[in-house]
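We use all heavy atoms of the structure for the numbers below, so side chains are in, but hydrogens, waters and symmetry mates are not. Lettering of chains follows the sequences in order, A, B, ..., and the numbering in each one begins at 1.
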Number of protein chains: 2
Amino acid sequence: MVHPNTQPGTDHGDAGHEVLAGVLQIRNERLQVLLWQRAQGPHRYRWALPGGRLAATEDVEASIRRQLAEKVDVQELTHVEQLSVFSAPERVPGRRIVATAFLGLVPSNTDPEIPADTQWQPVGHLPATAFDHESIVLAARDRLRAKLSYTNIGFALAPAEFTLSELRGIYSAALDYRVAATNLQRVLSRRGALQATGRTVSAGPSGGRPPALFRFTSRDLQITDPFAVLRPPLH
Amino acid sequence: MVHPNTQPGTDHGDAGHEVLAGVLQIRNERLQVLLWQRAQGPHRYRWALPGGRLAATEDVEASIRRQLAEKVDVQELTHVEQLSVFSAPERVPGRRIVATAFLGLVPSNTDPEIPADTQWQPVGHLPATAFDHESIVLAARDRLRAKLSYTNIGFALAPAEFTLSELRGIYSAALDYRVAATNLQRVLSRRGALQATGRTVSAGPSGGRPPALFRFTSRDLQITDPFAVLRPPLH
DNA sequence: GCAAAAGTGTTTTGGGTACACCCATGC
DNA sequence: GCATGGGTGTACCCAAAACACTTTTGC
């Protein structure tokens, strides 16, 4: 047996390779995704994910970061991770293209400049999407929801500093169920993911105690709850 | 903006695409992976993962299943899932090749016929591996370990029917720590993943109570512990 | 004072580990 | 009987939800 690399293929029908990202943000208390509307070609007027062809000198993550830089300020992209490959032979018409899909996250306090054909669309109410892009959006949503539970990934959706009410709103919107601020604080604090800044912000117009400002301990992805079950023995 | 598909690329340096699998099995109380030894070319004599080029009419999962069929009986491959894309431009010498990596599992009671250049190697003691294949093996191992905790994936490593001691041995080898049979039974039973067959097997030569035979309720992957933490409210 | 929002203390619950003890077999 | 391994019952423990209650502001 010979490694494929040493044996120039004949009938591989070498596919092109593209990268696509479901970039998510909490806007107006809802989880939204960045889409652009196709002006031409197949699936005209349908909404598609940002991305494009993989270039010769970059790996897939560098590629999606480069291509997203045309859409949103790189500073604002707080987290990027690979989802999976979409490779059905007929997933796009014409020449075959294999896609590597990504999840991207933008914090809720930013409002990036985006091109005219591009808009944020609610994940719960997607418009007509192009190709297999809807499955990619749903995969991105599911990955985010899962990681909110066992990692500190909230840092990528929240501003650098925030009140617990704001954070509760973010988690509730992403998970689509009511998260209690009181328990959220305890869970994240116990795991060492959350820190009080000591500073506080003035109360709203309707009164109330002025909320304290918090921040995430780390702004890199960390698994905070590694073995939820089947944990190793203590000794 | 135009979708990449509608605009024939010029400088994409279209990469080839291969699929590779870390096929894991518990053998001799250890987690082992299927590797073949390169006889020529770059990385001669090093050990590589099974796989090969993606063909024009198949998606990546069909491709890896087809290519593994040359190595192990398809019947014996109880689980296949995608890991991630490895795409560093120089990951293999010569023409660029992007790889989609997979995890494959084979139950512990089978001993597939394998080609002469192919062997099972302990994941904990890998020989010199080719290209970036070691990272793929470790990714496969880590994915398996994580899923043992929150899914019923044990079904893919265990025979159709087994005693709890056998299952304990399988989990211990895969996780690399002592799993208690008594708790393993409770955890899997409570989740409805495990069933007693009612039948039992005769005791060993050194005596002892004859063990009962169990089976997994389902032989498809199911998430048995969806939200370990940050669970939705009950009402 | 009173309403409103933030934050803390305490109870309850559920699902894990740890471990003592009982069970069924070979010799 | 006795050694050996299998299986159950129970205690313990931790981390989550639920909720009552206190704190701090605006008016």
**Q** Grab the two heavy atoms, one from A:Q82 and one from B:S84, that are nearest each other, plus how far apart they are.
**A**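 Shortest heavy-atom contact: OE1-CB, 3.1 Å.
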**Q** Indicate yes or no: does B:R27 engage B:D111 in a salt bridge with an N to O separation below 4.0 Å.
**A**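 A salt bridge is present here (some side-chain N lies under 4.0 Å from a carboxylate O).
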**Q** Please state how far atom CG in B:L213 lies from atom P in D:dG5, giving the value in whole angstrom units.
**A**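 Computing the B:L213:CG to D:dG5:P distance gives 18 Å.
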**Q** Is there a side-chain contact between B:S165 and the phosphate of D:dG5, meaning an N or O under 4.0 Å from OP1 or OP2?
**A**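 No.
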**Q** Listed by chain and number, what are the side-chain hydrogen bond (donor to acceptor under 3.5 Å, both in side chains) partners of B:Q195, not counting sequence neighbours?
**A**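 Once residues adjacent in sequence are excluded, the partners of B:Q195 under the side-chain hydrogen bond (donor to acceptor under 3.5 Å, both in side chains) criterion are B:R215.
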**Q** Could you go through nucleotides 25-27 of chain D and list every protein N or O atom that sits under 3.5 Å from one of its N or O atoms, giving the distance for each pair?
**A**
residue: D:dT25; atom: O2; partner: A:G208; partner atom: N; Å: 3.0

**Q** How many whole angstroms separate atom CG of B:L188 from atom P of C:dG15?
**A**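 Result: 14 Å.
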**Q** Let me know the distance between CG of A:D225 and P of C:dG15, rounded to the nearest Å.
**A**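 Those two atoms, CG and P, are 15 Å apart.
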**Q** So, does A:Q185 get its side chain near the phosphate of C:dT8, meaning an N or O under 4.0 Å from OP1 or OP2?
**A**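 Yes.
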**Q** Quick one: B:Y177 OH to C:dG16 P, roughly how many Å, whole number?
**A**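 My rounded result for the distance is 12 Å.
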**Q** Between P on D:dG6 and CG on B:L184, what's the gap in Å once rounded to a whole number?
**A**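 Rounding to the nearest Å, CG of B:L184 and P of D:dG6 are 13 Å apart.
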**Q** Is A:E58 salt-bridged to A:R65, going by a charged N under 4.0 Å from an acidic O?
**A**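 A salt bridge is absent here (no side-chain N lies under 4.0 Å from a carboxylate O).
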**Q** I'd like to know if B:R66 pairs up with B:E61 as an ion pair, taking the criterion as any Lys NZ or Arg NE/NH1/NH2 lying under 4.0 Å from an Asp or Glu carboxylate oxygen.
**A**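 A salt bridge is absent here (no side-chain N lies under 4.0 Å from a carboxylate O).
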**Q** Estimate the overall bend of the helix from C:dG1-D:dC27 to C:dC27-D:dG1 from the end axes over five pairs each, rounded to 10 degrees.
**A**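 Taking the rotation axis at each end, their angle is 20°.
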**Q** Taking C-beta and beyond as the side chain, do A:E76 and A:D73 meet within less than 4.5 Å on heavy atoms?
**A**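 Sidechains of A:D73 and A:E76: in contact.
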**Q** Figure out the CZ/P separation between A:R168 and D:dA18, and round it to whole Å.
**A**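 Distance check: A:R168 CZ to D:dA18 P gives 14 Å.
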**Q** May I have the distance from B:F162 (atom CZ) to D:dG7 (atom P), rounded to whole angstrom?
**A**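 Those two atoms, CZ and P, are 12 Å apart.
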**Q** Run through A:V23, A:V72, A:L34 and flag the one making a side-chain contact (heavy atoms from CB on, under 4.5 Å) with A:P112.
**A**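 Of the listed residues A:V23, A:V72, A:L34, the side-chain contact (heavy atoms from CB on, under 4.5 Å) partner of A:P112 is A:V72.
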**Q** With the side chain of B:R186 defined as its heavy atoms from C-beta on, choose the nearest nucleotide among D:dT10, C:dG9, C:dG7.
**A**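 Within the option list, the nearest is D:dT10.
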**Q** Within this structure, what is the CD-to-P distance between A:E166 and C:dA6, rounded to whole angstrom?
**A**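 The distance from CD of A:E166 to P of C:dA6 comes to 9 Å, rounded to the nearest Å.
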**Q** When you measure from the side-chain N and O atoms of A:R190 to the phosphate of D:dA16, is any distance below 4.0 Å, counting only OP1 and OP2?
**A**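 Yes, because at least one side-chain N or O of A:R190 sits under 4.0 Å from OP1 or OP2 of D:dA16.
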**Q** Which heavy atom of B:A21 sits nearest a heavy atom of B:L68, and at what distance?
**A**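 Smallest interatomic distance, heavy atoms only, reads CB-CD1, 3.9 Å.
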**Q** Less than 4.5 Å apart, any side-chain heavy atom of A:Q32 and any of A:Q119?
**A**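 Of all side-chain heavy-atom pairs linking A:Q119 with A:Q32, none is under 4.5 Å.
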**Q** Using a cut-off of 4.0 Å on non-hydrogen atoms, how would the nucleic acid contact of B:A212 be classed: base, sugar-phosphate, or nothing?
**A**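 The residue B:A212 makes sugar-phosphate contact but no base contact.
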